Amino acid sequence: MSQEIPADGPPPSESDIRRRRVRIRAWRRGMRELDILLGGFVDARIDSLGEAELDEMEALLELPDAELLSWLAGGAPPPPERDTALLRDIIAFHTHDGPIH
């Protein structure tokens, strides 16, 4: 993946490149439902994720679509080793008790 260097500033940092890569992968899962769930969360929160959370996000993006969708849609609970604060944040991001305003 080539990165353009802005003419008026420094080249992007490794962290910036990593965040861009996560954003692209979140929106291009291959299953539209996951694109929406993961891409929406990443668009809203990517800038606030720390390095450890980026590690977790990258690990989630490596999982099979059907397995991840099942957890996010509430079809099955995630196994204990995958039941992380980040996964719970993604689920909560898309859980609403009332109308969205």
Side-chain angles (χ1 to χ4, degrees):
M1 171 186 252
S2 67
Q3 294 291 322
E4 289 187 32
I5 298 174
D8 60 347
S13 69
E14 287 298 318
S15 182
D16 290 338
I17 293 169
R18 190 174 178 199
R19 289 173 198 283
R20 287 181 197 172
R21 190 174 298 128
V22 165
R23 179 174 277 134
I24 290 167
R25 291 182 63 211
W27 277 108
R28 290 177 174 82
R29 292 287 303 181
M31 184 181 281
R32 188 66 185 145
E33 294 86 347
L34 278 176
D35 293 350
I36 293 166
L37 293 171
L38 294 175
F41 176 82
V42 167
D43 281 353
R45 306 277 173 86
I46 190 73
D47 292 331
S48 66
L49 298 180
E51 294 298 316
E53 291 168 314
L54 284 173
D55 290 342
E56 284 185 54
M57 192 71 211
E58 289 171 333
L60 286 176
L61 292 170
E62 293 296 325
L63 295 172
D65 287 349
E67 184 176 8
L68 188 53
L69 181 60
S70 179
W71 302 339
L72 295 178
E81 68 273 10
R82 296 290 188 189
D83 189 14
T84 64
L86 178 65
L87 182 63
R88 289 190 300 272
D89 286 347
I90 296 168
I91 293 167
F93 183 81
H94 295 290
T95 304
H96 308 282
D97 293 330
I100 301 171
H101 299 284

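Everything numeric in this text was worked out from a predicted model, so none of it was measured.
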Residue pairs fulfilling ring-ring contact (aromatic ring centres under 6.0 Å, His included) with at least one residue in residues 66-91, sequence neighbours excluded | none
Please round to the nearest 0.5 Å and tell me the distance separating atom CG of Leu54 and atom CE of Met57.
-> 9.0 Å
Non-neighbouring partners of Glu62 that pass salt bridge (charged side-chain N to carboxylate O under 4.0 Å, His left out), sequence neighbours left out | Arg25
Between CD1 of Ile24 and CZ of Arg19, what distance do you get to the nearest 0.5 Å?
-> 14.5 Å
What closest approach, in Å, do Arg82 and Ala59 show between heavy atoms, and which atom pair accounts for it?
-> NH1-CB, 4.1 Å
About how many Å separate CG of Leu87 and CG of Leu72, when rounded to the nearest 0.5 Å?
-> 6.0 Å
Summary of ring-ring contact (aromatic ring centres under 6.0 Å, His included) pairs that have at least one residue in residues 16-61, sequence neighbours excluded | Phe41-Phe93
For the residue pair Ser48 and Glu53, what are the closest heavy atoms and their distance?
-> O-OE1, 3.9 Å
Atom CG of Leu69 and atom CD of Glu33: how far apart are they, to the nearest 0.5 Å?
-> 6.0 Å
Do Leu49 and Leu63 share a hydrophobic cluster, counting only Ile, Leu, Val, Met, Phe, Trp and Tyr and linking them when any side-chain heavy atoms are less than 4.5 Å apart?
-> yes
Does Asp55 pair with Arg18 as a salt bridge, N-O distance under 4.0 Å?
-> yes
In terms of side-chain geometry, is the basic nitrogen of Glu58 or Arg21 positioned less than 4.0 Å from the acidic oxygen of its partner?
-> no
Closest heavy-atom pair, Leu61 versus Ala26, reported as atoms and distance to 0.1 Å, is CD2-CA, 3.9 Å
Evaluate the side-chain contact (heavy atoms from CB on, under 4.5 Å) criterion for residues Ile90 and Leu60: first the C-alpha distance (whole Å), next the side-chain angles of each, then the deciding distance (0.1 Å), finally the verdict.
-> CA-CA 11 Å; Ile90 296 168; Leu60 286 176; 3.8 Å; yes
Met31 CE to Asp65 CG distance, which is reported to the nearest 0.5 Å | 5.0 Å
For the atom pair CG (Leu38) and NE2 (His94), what is the distance rounded to the nearest 0.5 Å?
-> 7.0 Å
Taking atom CD of Glu14 as the centre, does the number of heavy atoms from other residues, nucleotides or ligands within less than 6.0 Å exceed 12?
-> no
Electrostatic pair Arg32-Asp35, nearest N-O below 4.0 angstrom | yes
Residue pair Pro64 / Arg29: nearest heavy atoms and the distance that separates them = C-NH2, 4.1 Å
